[in-house]
Amino acid sequence: MSGEFWKERLNHILSYKNKDAVNDFIAGKVKPALEELAAAFQEKQIGTSVTISQNPSAAEITLKHKVIED
């Protein structure tokens, strides 16, 4: 993905109407994408972690590197 259509993707994400739909989206799309991104950083020796929370629903990637802030 080039990032070219991020506004459309953001609108799609924000269109979910209930918590179950949001949790399914995070589990099915966001978490795998963040894990793939984390693996790419780890290949470059940059420490990462992916955290998924339920209350409230959230997904987070943290980077640990001497020249990159969290």
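Bear in mind that the values here come from a model prediction, so they are computed numbers and not experimental data.
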Checklist outcome for this item: Leu37 meets the side-chain contact (heavy atoms from CB on, under 4.5 Å) criterion, sequence neighbours left out, with Phe41, Ile61
Next on the checklist: Would you say that more than 12 heavy atoms from the other residues, nucleotides or ligands in this model lie under 6.0 Å from the NZ of Lys19, or not?
Outcome noted: yes
Next on the checklist: Which heavy atom of Ala27 sits nearest to which heavy atom of Pro32, and what is that distance?
Outcome noted: O-CD, 3.4 Å
Item to check | Verdict with supporting geometry, Ile26 and Gln54, side-chain contact (heavy atoms from CB on, under 4.5 Å) | outcome: CA-CA 10 Å; Ile26 289 173; Gln54 296 299 319; over 6 Å; no
Item to check | Of all pairs that satisfy side-chain hydrogen bond (donor to acceptor under 3.5 Å, both in side chains), the ones with a partner from residues 30-46, not counting sequence neighbours | outcome: Gln42-Thr48
